[in-house]
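Computed from a predicted structure; not experimentally measured. Just so you know, these numbers use all the heavy atoms, side chains as well, and skip hydrogens, waters and symmetry mates.
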Amino acid sequence: MATTFKAGLIQTNVSNEMAENVAFVREQTRLARDAGADFIMTPENTGLIGANRAETLEKAQTEESHGMLAACRASARETGAWFLLGGIHVRIEGEEQIRNRSYLIDSSGGIVASYDKIHMFDVRLTGGENYFESATFKPGDRAVLAETPWGVLGMTICYDLRFPYLYRELAHAGATMLAIPSSFTVPTGQAHWHTILRSRAIETGCFVFAPAQVGTHKGSNRKTYGHSIAIAPWGEVLADAGGEKAGFVVAEIDLAKVEEARKMVPSLQHDRKYAATVLHKAAVAKAAE
């Protein structure tokens with residue numbers, strides 16, 4: 001198994017029209033491959049970002065007929081690169097809710113694994129931004145690991161990154177790389193994006209890959225933070241696409257750094273079981289009558 005490769009992270013500014021987004025991803029995949037990328041990744045919502053819940057549900061497609069999935073599989077075959085389709089909206093026959101699903105695709109275009117986003121982004125942000133993913137998407141119920149030619153990949157999506165136990169479990173189960181394709185909001189991105197992603201890498205001793213959406217999205221007017229990023233196990237930022245425009249970045253990856261980081265601080269070996277938390281209440285003196 002090779003231990004070095006180049007990771008290409010495509011940063012997209014998708015509209016609510018899939019054909020436009022397919023054309024951009026196909027173009028950027030070719031450019032990233034020409035730049036040496038062996039493993040190419042796209043963000044959450046690669047297919048489209050709907051103007052509203054009704055449009056998102058209306059434009060969701062089944063796995064068998066999904067235009068973006070077919071395009072990414074074709075790109076993998078044509079370029080010979082492995083591919084992570086970070087997230088598309090997948091309809092399951094007979095279900096009202098849809099899935100936010102990521103796919104790992106091998107260099108022949110075959111689907112190696114898929115992952116449904118577990119944690120739903122149901123929040124009210126200051127400034128009037130409200131998101132209730134659980135109204136549209138059915139959450140996944142399983143963690144996913146998949147083999148690549150370079151190491152084991154733990155597959156997650158966006159809001160999952162705020163739940164560190166998931167990443168620790170993936171690392172304990174064999175992950176040396178973590179995928180976190182995202183569509184981060186601007187307020188939360190400015191406050192937390194780099195800090196949390198670096199934390200996930202440092203805590204697990206894994207490489208972290210987080211391709212992201214950027215900018216104001218035509219058709220929905222949603223704004224996303226960008227900064228597609230690759231991070232080494234010691235916490236170093238290897239590539240950052242910035243927060244201004246769509247495109248791609250390439251990072252050189254050496255998986256020997258995983259063992260190196262885990263030897264220096266072997267925290268994965270230091271987990272301990274402990275008793276359930278107990279609240280100790282302080283005695284409060286009664287006020288004198």
Side-chain angles (χ1 to χ4, degrees), residues 9-17 21 24-25 41-57 59-60 84-89 97-102 115-140 155-164 166-167 178-201 208-231 237 239-247 249:
L9 279 63
I10 297 176
Q11 182 157 283
T12 57
N13 172 245
V14 301
S15 70
N16 61 339
E17 295 297 335
N21 305 325
F24 182 80
V25 169
M41 309 174 212
T42 68
E44 179 187 32
N45 299 326
T46 298
L48 58 85
I49 292 178
N52 49 47
R53 178 178 183 271
E55 184 178 65
T56 298
L57 290 169
K59 292 188 173 182
L84 179 84
L85 173 51
I88 54 174
H89 306 156
Q97 289 175 302
I98 58 178
R99 309 297 177 93
N100 187 345
R101 182 171 291 177
S102 179
Y115 165 77
D116 290 351
K117 184 177 182 179
I118 292 174
H119 300 97
M120 297 290 99
F121 190 54
D122 291 354
V123 302
R124 296 181 184 272
L125 302 177
T126 57
E129 287 189 61
N130 300 322
Y131 300 90
F132 299 99
E133 287 186 340
S134 62
T136 304
F137 298 97
K138 183 175 181 178
M155 298 173 67
T156 70
I157 298 175
C158 200
Y159 190 51
D160 286 332
L161 72 84
R162 292 184 181 272
F163 301 86
L166 172 60
Y167 296 92
L178 301 169
I180 315 176
S182 298
S183 296
F184 238 61
T185 71
V186 172
T188 57
Q190 290 173 338
H192 302 146
W193 177 252
H194 291 83
T195 300
I196 301 178
L197 287 167
R198 292 186 67 204
S199 296
R200 295 298 87 86
V208 165
F209 304 118
Q213 298 283 352
V214 69
T216 302
H217 297 270
K218 185 176 72 174
S220 68
N221 210 37
R222 180 173 171 179
K223 295 179 175 65
T224 51
Y225 182 65
H227 290 278
S228 298
I229 197 168
I231 304 171
V237 173
D240 185 331
E244 300 299 323
K245 61 182 181 179
V249 290

Take Glu129 and Lys223 through the salt bridge (Lys or Arg N to Asp or Glu O under 4.0 Å) test and state the conclusion after the steps. CA-CA 10 Å; Glu129 287 189 61; Lys223 295 179 175 65; over 6 Å; no
Just verifying a value: how many Å separate Asn13 CG and Thr216 OG1, rounded to the nearest 0.5 Å? 7.5 Å
Can you check whether Tyr131 reaches Arg222 side chain to side chain, under 4.5 Å on heavy atoms? yes
For residues Ser228 and Leu9, report the shortest heavy-atom separation together with the two atoms involved. C-CD2, 4.1 Å
What verdict does the ring pair (Phe, Tyr, Trp, His ring centres under 6.0 Å) test give for Phe137 and His89, after you've listed the backbone C-alpha separation in whole Å, the side-chain angles of each residue and the deciding distance to 0.1 Å? CA-CA 9 Å; Phe137 298 97; His89 306 156; 5.2 Å; yes
Contact check, side chains of Val25 and Thr12, non-hydrogen atoms, under 4.5 Å: yes
Hey, does Glu17 have a side-chain heavy atom less than 4.5 Å from the side chain of Leu48? no
Pairwise side-chain contact, Leu178 with Met155, heavy-atom cut-off 4.5 Å (strictly under): no
Please step through side chain to side chain contact (heavy atoms under 4.5 Å, CB included) for the pair Ser102 and Leu84, ending with a clear verdict. CA-CA 7 Å; Ser102 179; Leu84 179 84; 3.7 Å; yes
Just to verify, what does Phe209 make a ring-ring contact (aromatic ring centres under 6.0 Å, His included) with, not counting sequence neighbours? none
More than 12 heavy atoms from other groups under 6.0 Å of NZ on Lys218: no
How many angstroms lie between OG1 in Thr56 and CD in Glu133, if you round to the nearest 0.5 Å? 10.5 Å
Can you tell if the side chain of Pro181 reaches within under 4.5 Å of the side chain of Pro211, non-hydrogen atoms only? yes
Is there side-chain contact between His217 and Val14, with at least one heavy-atom pair below 4.5 Å? yes
Thr185 vs Thr224, side chain to side chain contact (heavy atoms under 4.5 Å, CB included): CA-CA, chis, key distance, verdict: CA-CA 5 Å; Thr185 71; Thr224 51; over 6 Å; no
Val123 versus Asn130: any side-chain heavy-atom pair under 4.5 Å? no
For the backbone of Ser134 and the side chain of Gln97, can you confirm whether one donor and one acceptor N or O come within less than 3.5 Å of each other? yes
Is there a side chain to side chain donor-acceptor pair (under 3.5 Å) between Thr156 and Tyr167? Walk through the geometry before answering. CA-CA 9 Å; Thr156 70; Tyr167 296 92; 2.8 Å; yes
To the nearest 0.5 Å, what is the distance between OG1 on Thr46 and CG on Asn21? 8.5 Å
Find the distance between CH2 (Trp193) and CD1 (Ile180) and round it off to the nearest 0.5 Å. 7.5 Å
Spell out, as yes or no, whether a donor-acceptor pair under 3.5 Å connects the side chain of Arg200 to the backbone of Pro164. no
Between Ala51 and Gly219, what is the shortest heavy-atom contact and its length? CB-O, 3.0 Å
Any Tyr115 side-chain heavy atom under 4.5 Å of Ile157 side chain: yes
Gln213 side chain to Phe184 backbone, donor-acceptor under 3.5 Å: no
Looking only at heavy atoms, the pair that brings Gly226 and Ala212 closest together is O-CB, 3.5 Å
Calculate, to the nearest 0.5 Å, the distance between atoms OH and OG belonging to Tyr159 and Ser183 respectively. 15.0 Å
Taking only Lys NZ, Arg NE, NH1 and NH2, and the carboxylate oxygens of Asp or Glu, determine whether Lys117 and Glu44 approach each other closer than 4.0 Å. yes
Does the side chain to side chain contact (heavy atoms under 4.5 Å, CB included) test come out yes or no for Ile229 and His194, once each step is laid out? CA-CA 8 Å; Ile229 197 168; His194 291 83; 3.5 Å; yes
What distance separates Asn16 CG from Asn45 CG, expressed to the nearest 0.5 Å? 12.0 Å
Between Thr42 (side chain only) and Gly86 (backbone N and O only), is there a donor and an acceptor less than 3.5 Å apart? yes
Parallel, tilted or perpendicular: which fits the ring planes of His119 and Phe163, with parallel below 30° and perpendicular above 60°? parallel
